K.L.:
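Structure in structure tokens, see below.
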Protein chains: 2
Amino acid sequence: MSPRRTGRRPGNPDTREAILAAARTAFAERGFDAASIRVIAAAAGVDPALVHHYFGTKEQLFRATVDIPVDPAQLLPAVLAGDVDGVGERLVRTFLTVWDSPAGAAAVALLRSAVANEWTARLLREFLVTQVLRRVLDQLAVDPAELPLRGSLVATQMIGLAMMRYVIRLEPVASADPEALVTAVAPTVQRYLTGQLDQGSARSRSR
Amino acid sequence: MSPRRTGRRPGNPDTREAILAAARTAFAERGFDAASIRVIAAAAGVDPALVHHYFGTKEQLFRATVDIPVDPAQLLPAVLAGDVDGVGERLVRTFLTVWDSPAGAAAVALLRSAVANEWTARLLREFLVTQVLRRVLDQLAVDPAELPLRGSLVATQMIGLAMMRYVIRLEPVASADPEALVTAVAPTVQRYLTGQLDQGSARSRSR
DNA sequence: TGTTGAACTCAACGGTAGATGAATTACTCG
DNA sequence: CGAGTAATTCATCTACCGTTGAGTTCAACA
């Protein structure tokens, strides 16, 4: 019962973190399939077998690099607090802040891999539905029948923004000032969340 | 000068098209890297070496499957004709029509591969800039200084829509009625094209 | 000091990838 | 027919891939 933990305790525990950092970079830059354990190990300065020693299979390594990032449960309350008319703006700002931070590399990795691997796509789907969209919409007073549509519409704009800024890197969105993007995109998100969906808002179709 | 073209002329010229069709499907379903020449050849019922015989390298095969699809120069005039206030709606409708058609498989292949391969991302970038965005915005009377930003904002919404509907397949967007998406998304595109970008439109920030 | 067990390395297996070049088939023309 | 040439196949090369298992080093405990 008492853990008999003798033997070489910590050779240097930085190695594990080095592998994780190398994996995050590789997965973000090349996606799940293209990123090889061999180049990850080389970038971390270790033997490929050591990667398997710490994290078992390649999929487990990927989950380890991706599971850390930001917990929506921590960020969303601040987004949802305050006036309802500003939730779109705060959502876009928080989104860009996270993705521009070092933790954003994990998100880029997840997004990149969601396209190539079917199980990663399912991972992202479930993450979006259960962790983000559900929480956001539970706090907003909207018709429950409209929740899924509104949520996935928000997702289209957010994922599209992430794709263009961090994956395809289309200018000028790729290197635009975050606040400029917030003011440009926030009204879209706001309308998807709380606005009228079955008619235009920029112009009246029945004018 | 006169081409001495004797010998076995066309055994059956359907083979080339069969390979192309198989390649389009494979690239669309699995992306560039995951789609192997061997399974493409198997799907077309031919030897893998025959694929190389017709189209040289794998990259050339990909370009052949992707170069055909829809010519924006054919579609955009109809989109840009008519009242300026309806261009967003017509753009989204045309977009969905193309992607829902068989030709959309090539577009899905391009989008899927643009995430995994750097050179495919560049391909998509140049296609967007030179073939689509430039043509759209040349016809709209907007401040030339705002053209790139407006164009790439439109791209974020469109690519995000394509990602969610055809790649990630997030419901209910994945199987929604196209017209419902048109009415939902068109105002966003319209505002990105001709609306005020530095302030909200769904609500007035200075009300 | 001697044993233990974790950190770490080495070499290799089995599999698949894209690509190549020679060999074979079969059609068309002179 | 017989030559020429395109269509098609076969066997193979080279290069990675993820993964495994045995072996080595070495700090921590008894």
Side-chain angles (χ1 to χ4, degrees), chain A residues 1-23 26-27 29-65 109 112-113 116-120, chain B residues 1-23 26-27 29-65 109 112-113 116-120:
Chain A
M1 197 54 67
S2 63
R4 300 217 342 105
R5 44 187 198 81
T6 169
R8 183 194 212 177
R9 299 290 294 103
N12 59 344
D14 307 333
T15 311
R16 190 194 165 93
E17 283 307 311
I19 294 175
L20 259 183
F27 282 137
E29 285 180 352
R30 310 165 59 97
F32 180 81
D33 293 303
S36 74
I37 288 195
R38 283 171 153 89
V39 309
I40 290 175
V46 297
D47 190 272
L50 191 60
V51 179
H52 283 96
H53 174 66
Y54 278 122
F55 322 85
T57 168
K58 186 185 182 183
E59 174 175 336
Q60 292 175 297
L61 171 62
F62 180 80
R63 300 188 89 106
T65 72
R112 264 206 135 97
S113 304
N117 281 89
E118 194 49 48
W119 65 267
T120 324
Chain B
M1 197 54 67
S2 63
R4 298 215 347 103
R5 44 186 198 82
T6 170
R8 183 195 212 175
R9 300 286 296 107
N12 59 343
D14 306 332
T15 310
R16 189 193 166 94
E17 282 308 310
I19 294 176
L20 260 184
F27 283 137
E29 286 181 351
R30 311 165 59 94
F32 180 81
D33 293 303
S36 74
I37 288 195
R38 283 172 153 89
V39 309
I40 291 175
V46 298
D47 189 273
L50 192 61
V51 179
H52 283 99
H53 174 67
Y54 278 123
F55 321 86
T57 169
K58 186 184 181 183
E59 173 175 337
Q60 292 175 297
L61 171 63
F62 180 80
R63 300 188 88 106
T65 73
R112 263 207 134 92
S113 304
N117 281 88
E118 194 51 47
W119 65 267
T120 326

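Source: prediction; values computed, not measured. Note on naming: letters A, B, ... go to the chains in the order of the sequence lines (proteins, then strands), and numbering restarts at 1 for each one.
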K.L.:
Between B/E29 (side chain only) and B/A26 (backbone N and O only), is there a donor and an acceptor less than 3.5 Å apart?
P.N.:
no
K.L.:
To the nearest Å, how far apart are A/I40 CD1 and D/dT19 P?
P.N.:
11 Å
K.L.:
Could you check how far CG of A/L50 sits from C1' of D/dT20, rounded to whole Å?
P.N.:
14 Å
K.L.:
Would B/D33 and A/D33 count as a side chain to side chain contact (heavy atoms under 4.5 Å, CB included) here? Give the steps.
P.N.:
CA-CA 8 Å; B/D33 293 303; A/D33 293 303; 5.6 Å; no
K.L.:
Can you give me the closest heavy-atom contact between A/P48 and A/R38, atom names plus distance?
P.N.:
CG-CG, 4.2 Å
K.L.:
Dump every N/O contact between nucleotides 14-18 of chain C and the protein below 3.5 Å, one line per pair.
P.N.:
residue : atom : partner : partner atom : Å
C/dA17  : N7   : B/R38   : NH1          : 3.4
C/dG18  : OP1  : B/I37   : N            : 3.4
C/dG18  : OP1  : B/K58   : NZ           : 2.7
C/dG18  : OP2  : B/I37   : N            : 3.0
C/dG18  : N7   : B/R38   : NH1          : 2.5
C/dG18  : O6   : B/R38   : NH2          : 3.0

K.L.:
To the nearest 0.5 angstrom, please state how far the CZ atom of B/F62 sits from the CD1 atom of B/I37.
P.N.:
13.0 Å
K.L.:
From CZ of B/R16 over to P of D/dT8, roughly how many Å is that when rounded to an integer?
P.N.:
12 Å
K.L.:
When the distance from OH of A/Y54 to P of D/dT19 is rounded to whole Å, what number comes out?
P.N.:
18 Å
K.L.:
Measuring from atom CZ of A/F55 to atom CG of A/L20, what distance do you get when rounded to the nearest 0.5 angstrom?
P.N.:
3.5 Å
K.L.:
Please report, rounded to the nearest Å, how far the P atom of C/dT25 is from the NE2 atom of B/H53.
P.N.:
17 Å
K.L.:
What is the distance from CG of A/D47 to P of D/dG18, rounded to the nearest Å?
P.N.:
13 Å
K.L.:
Using 0.5 Å steps for rounding, measure from the NE2 atom of A/H52 to the CG atom of A/L61.
P.N.:
8.5 Å
